[in-house]
Number of protein chains: 2
Amino acid sequence: MNKEALFSIPLPTIRRFPAYLRLLKDFENAGESWVSATRLAEDLRLKPIQVRKDMSCTGVEGKPKVGFEVHELIMAIEHHLGWDNATDAILIGAGNLGNALVGYKGFANYGLRIVAILDNDKKKIGTTVYGVTVQSMEHLEETVVRLGVNIAVLTVPAEVAQEVAEMVVAAGIKGIWNFVPKNLTLPEDIIVQRTDLATSFAELSSRIKKSIEEKSRTKRSLQN
Amino acid sequence: MNKEALFSIPLPTIRRFPAYLRLLKDFENAGESWVSATRLAEDLRLKPIQVRKDMSCTGVEGKPKVGFEVHELIMAIEHHLGWDNATDAILIGAGNLGNALVGYKGFANYGLRIVAILDNDKKKIGTTVYGVTVQSMEHLEETVVRLGVNIAVLTVPAEVAQEVAEMVVAAGIKGIWNFVPKNLTLPEDIIVQRTDLATSFAELSSRIKKSIEEKSRTKRSLQN
DNA sequence: TGATTATCAATAAATATTTATCGTTTACTG
DNA sequence: CAGTAAACGATAAATATTTATTGATAATCA
């Protein structure tokens, strides 16, 4: 049995993987072949111990005094994320956000490729978004089967999200990256990943609010 | 002293606030004035106990048998996030993602308003994005001061992110919502919130990978 | 009006995650 | 070629977060 299945990597660690990956690739491009956890931690504003813990999840072993081999880490992290083979996906909903996502070059780094765009707006069907032609939703199932796609990116209006989600599942999709701020009710075995801008903005807002409150508290206590 | 400053709300709770808020507003629009934690949990696929814990952080008290008053919860959550007053922000970088964000209607729900767009691409300067005119970066400081803005949304290319970040800080910005996949090194008192699509996609990827592995494991054990 | 039930609040237990400690290893320096 | 310092790995402690338990309360219904 291979070691990777023996324990499951903590979610926070997985969420930090992309940041590590990007930084490691920067190092690789700069010609550095070894990097220490200390160095990674510095650049990412994390603690060295945490980076070491995270790296240990990849199975890569470091060397005292010099750290880890950059390329080895890159390979290991990409492997753990399944980013070593390109993943094809379809995108449903050629609106604002949908178009921006298709044009987002960063996806290439994660091995994600949008191979088809679907929409039910007749004005959009037939137009081209960054080289990909928008198709009618009627072609959904046929497209999924023909391209052998497992993942759908959902960027439709909230009102139709549930309905569209059920359609893509019926067409054979196994994983949905849901950008619509709406919870989907789908069969257990369908993997739904929700990305919500509001989550991140809530964090920012609360930090700003706290900082303002602290400032006014300090001011007040100075006045006493 | 008011109760809210006595303890700090856990980050995971804050990150769940927007989802609660959206759902609560749905209930409000549907004319429901009371909702139970059980009900919220069901819709969001959380456990009732967790919802109750989260709600207790807002300071709102529930009533046995009926739950919480919808409007009261909405007000409390919005207050805790500072979403009860509209927050103005400028956006730097009128690229793909930048434009999509400006057009994203959802921001209105969080009280976020993009009041100015800046870019240094001469082709973009003077054009209008969803009613907001793109200005030259030369107007940065003047704009920040004139509009009294504290927050900047950063959607510039990675190569210039650090440089631009330093510029906006120099112009007086206190909080940065960074969509660029690059860590910024800025003074301690500047609040930087990074939003990274890759983080979410990493989560999805790893879940899909795990599910595939489980399936193949099951298959194998069935063959034995 | 009293029994029943859904729900809340408070407290405690369990789990997950981060951080610290300590001993060991390896490159580098004089 | 020994001493030193940087960094690793394993283990343990601390902290944060989630989940369970228990008792109390208020609406509902017989």
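Predicted model only: the values in this text are computed from it and were never measured. Lettering of chains follows the sequences in order, A, B, ..., and the numbering in each one begins at 1.
A straight line from CZ of Arg52(A) to C1' of dT11(D) spans 14 Å, rounded to a whole angstrom. One can place CD of Glu69(A) at 17 Å from P of dA7(D), the figure rounded to the nearest angstrom.
First and last contacts of DNA chain C with chain A, using any nucleotide atom under 4.0 Å from a protein heavy atom and ordered 5' to 3', fall at dT17(C) to dA27(C).
A 4.5 Å side-chain heavy-atom check between Thr38(B) and Arg52(B) finds at least one atom pair inside the cut-off. For the pair Ile173(B) and Ile90(B), the minimum side-chain heavy-atom distance is below 4.5 Å. Two residues are said to be in side-chain contact when any heavy atoms from C-beta on lie closer than 4.5 Å; Asn183(A) and Arg194(A) meet this criterion. Looking at heavy atoms from C-beta onward, Gln162(A) lies in side-chain contact with Thr185(A) at the 4.5 angstrom threshold. Between Ser205(A) and Trp83(B), the closest side-chain pair of non-hydrogen atoms falls below 4.5 Å.
For Phe68(A), the side-chain atoms get nearest to dC8(D) when compared with the rest of dA27(D), dA6(D), dC8(D).
The nearest heavy atom of DNA chain D to Ile9(B) and to Ser56(A) marks one nucleotide each, and the one closer to the 5' end goes with Ser56(A). If you find the closest nucleotide of DNA chain C to Lys63(A) and to Lys53(A), the one lying nearer the 5' end belongs to Lys53(A). Nearest-nucleotide positions on DNA chain C place Pro10(A) closer to the 5' end than the other of Lys65(A) and Pro10(A).
Note that the two end axes of the helix from dT1(C)-dA30(D) to dG30(C)-dC1(D) enclose an angle of 10°, each drawn from 5 base pairs, rounded to 10 degrees.
Judged purely by atom type and a 3.5 angstrom limit, Arg16(A) has no side-chain atom pairing as donor or acceptor with the backbone of Val51(A).
Other residues, nucleotides and ligands contribute only 12 or fewer heavy atoms inside 6.0 Å of the CD atom of Glu61(A). Remark: Arg15(B) CZ is packed, more than 12 non-hydrogen atoms of other residues, nucleotides or ligands lying under 6.0 Å away.
Electrostatic pairing of Glu203(A) and Arg207(A) does not count as a salt bridge here, judged by no charged N lying under 4.0 Å from a carboxylate O. In summary, Asp26(A) and Arg22(A) do not engage in a salt bridge, as defined by a charged side-chain N under 4.0 Å from a carboxylate O.
Relative orientation of the Phe179(B) and Trp177(B) rings is tilted, given thresholds of 30° and 60° on the angle between their planes.
Remark: Ser36(B), Ala37(B), Thr38(B) in residues 11-40 of chain B come within less than 4.0 Å of DNA chain C through at least one heavy atom.
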